[in-house]
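Report on the following structure.
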Amino acid sequence: MMKRIRSRFNILPLRQTCDGVSRWFSTPLGRRLLIQERKAVSEELRYLFGYHFMQLSSVKSANFASASRINHCFSLAPTVLPAGEGAGVQGVSDYDALPLPDETVDVTVLHHVLEFSDNPHQVLKEAARVTMPRGYIIIVAFNPLSVAGVLHRLNALLTPRGVSHHRSLRSGRLRDWLEFLDFSCTNTRKVFHNLPINNARYLASTQLLEKLRGKNTILGGMSYVMVARKDKMCMRPLKPQWEKTKILPAIPIGKQAIKNRPSKSCMVLPFRSKMKREYWEH
C-alpha cells in the first residue's frame, strides 16, 4: 500500500509527461495561466539582448520567442511532436544533455521544465553550461507557497497522472541552486493571483479581481518568473602590438658610440640651466 502511494508521487521523465502537461494548459485555467506567464516573460525579455535565444518548455503551445528582440530564436522539445503542433520547435533533445557547445546562448527560458523533470539539477546545470557569461536564464515554475501549491499533493492522490504530479520548487531553493552555478537572481515576480478554479465562466468574471489581487500575499501567485544573470567573467589577456598602431608609432633609435668622454667641468644636468659656478668647481 505504501509503495503504491509513493509511486504516485514519482516524477516520470519529461518526454512521458509532456502530453499531459500540454493538455492541462489547454483547459480554461491553463490558458489563463499561460497568458499571464507570457505577459510576465515578455516584460523581462524587453530588456535582454544578444545573438541566440533558446526556449525549453514542457508545453507544446508555449512560444516566447515572439517577445524577444534577439534575431536567432530556437526551441527544443523533449519528444517528437505530431504534425501541426509545436510550430516553433527546431529540434528534439533531452534537457539534461543539450547538444550545444559551452557558452553559446545569450538568453535561455525554462518554462515549467524543472518541476516536471526527474533530474532538475542536471537540467539546470546544462542550461547554465550553454549560457554565455553575462547571459540570462528565465525560469517559470509553479509556486508551492500558494493555494494551488498546497492542493497539488491532494490532487496527486486523486488523479493518476497529470499536471499535479510535479516537484515543489520554492524560489529560495532555486536561488541557492543558481548561486552555486555562478548566477545571481535579478528579479522574481508572482503571476496569476486567483483561485485555481478550472471554470471558464468564473475566470471571465474575476479578471478585474485578479488585477486587484496583484499585490495580495495571501494567494501568493500560482506560478513565479525568476530572472538570473550569469556572473562568470571571461577575460583573455591581450598582447599590445605597438608596431601596428597608427596613433603613436614606434620609432627605432640606433645606438651611438661615445668617442670622447666629457670632463666634470662641462657636464650639464637636465633642467639645470642656471646653476652656481661654485657647485661645479666643487
Side-chain angles (χ1 to χ4, degrees), residues 9-18 21 37 40-41 44-45 48-59 62 64-65 68 70 72-80 88-144 149 163 165-189 223-236:
F9 294 102
N10 293 336
I11 305 298
L12 297 177
L14 189 58
R15 58 180 178 270
Q16 300 180 14
T17 60
C18 181
V21 176
E37 292 175 348
V41 174
E44 298 294 340
L45 291 176
L48 303 182
F49 303 92
Y51 295 98
H52 305 285
F53 171 89
M54 181 178 64
Q55 172 184 318
L56 305 179
S57 177
S58 60
V59 184
F64 301 97
S68 177
I70 300 176
H72 181 221
C73 302
F74 65 96
S75 177
L76 299 178
T79 183
V80 179
V89 177
Q90 284 76 27
V92 178
S93 171
D94 291 332
Y95 292 162
D96 56 356
L98 297 175
L100 297 174
D102 298 347
E103 301 178 355
T104 54
V105 180
D106 297 277
V107 179
T108 303
V109 174
L110 301 179
H111 179 249
H112 292 290
V113 171
L114 299 179
E115 66 263 45
F116 290 102
S117 176
D118 55 343
N119 193 358
H121 301 86
Q122 182 62 25
V123 174
L124 186 60
K125 185 178 179 180
E126 280 291 291
R129 179 185 64 83
V130 301
T131 304
M132 296 185 62
R134 309 301 294 179
Y136 288 85
I137 289 181
I138 300 179
I139 300 175
V140 183
F142 286 112
N143 182 20
V163 73
H165 289 266
H166 64 268
R167 196 182 308 272
S168 298
L169 296 177
R170 296 180 293 103
S171 58
R173 186 180 181 185
L174 277 181
R175 194 176 294 110
D176 294 339
W177 292 2
L178 290 169
E179 289 180 357
F180 181 77
L181 297 173
D182 297 330
F183 279 80
S184 60
C185 181
T186 60
N187 188 20
T188 303
R189 62 170 65 186
S223 63
Y224 60 87
V225 177
M226 178 180 295
V227 183
R229 182 184 65 244
K230 190 173 184 179
D231 291 334
K232 179 182 177 181
M233 301 301 295
C234 182
M235 295 185 297
R236 183 180 63 181

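Being a predicted model, the structure only gives us computed values, none of them experimental.
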For [Y], is there any backbone N or O sitting under 3.5 Å from a side-chain donor or acceptor partner on [X]?
X	Y	result
K230	A128	yes
T186	V227	yes
D231	D182	no
T104	P101	yes

When rounded to the nearest 0.5 angstrom, what distance separates [atom1] in [X] from [atom2] in [Y]?
X	Y	atom1	atom2	value
S93	R15	OG	CZ	11.0 Å
S75	M54	OG	CE	9.5 Å
D94	N119	CG	CG	11.0 Å
R167	L114	CZ	CG	9.5 Å
Y224	N143	OH	CG	7.0 Å
I70	D106	CD1	CG	5.5 Å

Output all residues satisfying salt bridge (Lys or Arg N to Asp or Glu O under 4.0 Å) with R170, sequence neighbours left out; order by chain, then residue number.
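Here no residue qualifies.
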T131 and E103 side chains, donor-acceptor separation under 3.5 Å:
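There is no such pair (donor and acceptor under 3.5 Å, judged by atom type) between the side chains of E103 and T131.
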Aromatic centroids of F64 and H111 separated by under 6.0 Å:
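They qualify: ring centres under 6.0 Å apart.
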Counting the benzene-type ring for Trp, do H112 and F142 have ring centres under 6.0 Å apart?
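Centroid distance H112-F142: below 6.0 Å, so yes.
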Just so I know, are the side chains of [X] and [Y] near enough to count as touching, which here means a heavy-atom distance under 4.5 Å?
X	Y	answer
V105	F53	no
L56	V109	no
L45	V107	yes
Q55	C73	no
P120	E115	no
I139	L174	yes
V225	V41	yes
M132	H52	no

Might you work through the side chain to side chain contact (heavy atoms under 4.5 Å, CB included) test for V21 and V59, ending with a clear yes or no?
CA-CA 6 Å; V21 176; V59 184; 4.1 Å; yes
Using the rule given for side chain to side chain contact (heavy atoms under 4.5 Å, CB included), can you reason through L110 versus T108, listing the C-alpha separation, both sets of side-chain angles and the distance that settles it, and then say yes or no?
CA-CA 7 Å; L110 301 179; T108 303; 4.1 Å; yes
Atom OH of Y51: over 12 foreign heavy atoms under 6.0 Å:
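Count not over threshold, so no.
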Take a 6.0 Å sphere around CZ of F180 and say whether it holds more than 12 heavy atoms from other residues, nucleotides or ligands.
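No - once you tally the heavy atoms of other residues, nucleotides and ligands closer than 6.0 Å, there are 12 at most.
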Taking every non-hydrogen atom, the tightest pair across [X] and [Y]:
X	Y	answer
S58	C18	O-SG, 3.5 Å
D118	P13	OD2-CG, 4.0 Å
S168	R173	O-NH1, 3.4 Å

What verdict does the side chain to side chain contact (heavy atoms under 4.5 Å, CB included) test give for L14 and Y95, after you've listed the backbone C-alpha separation in whole Å, the side-chain angles of each residue and the deciding distance to 0.1 Å?
CA-CA 9 Å; L14 189 58; Y95 292 162; 3.5 Å; yes
Sequence neighbours left out, what passes side-chain contact (heavy atoms from CB on, under 4.5 Å) with E126? Give chain and number order.
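Applying side-chain contact (heavy atoms from CB on, under 4.5 Å) to E126 gives L98, Q122, R129.
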Begin from the C-alpha positions of H121 and W177 and carry the test side chain to side chain contact (heavy atoms under 4.5 Å, CB included) through to its verdict.
CA-CA 8 Å; H121 301 86; W177 292 2; 3.1 Å; yes
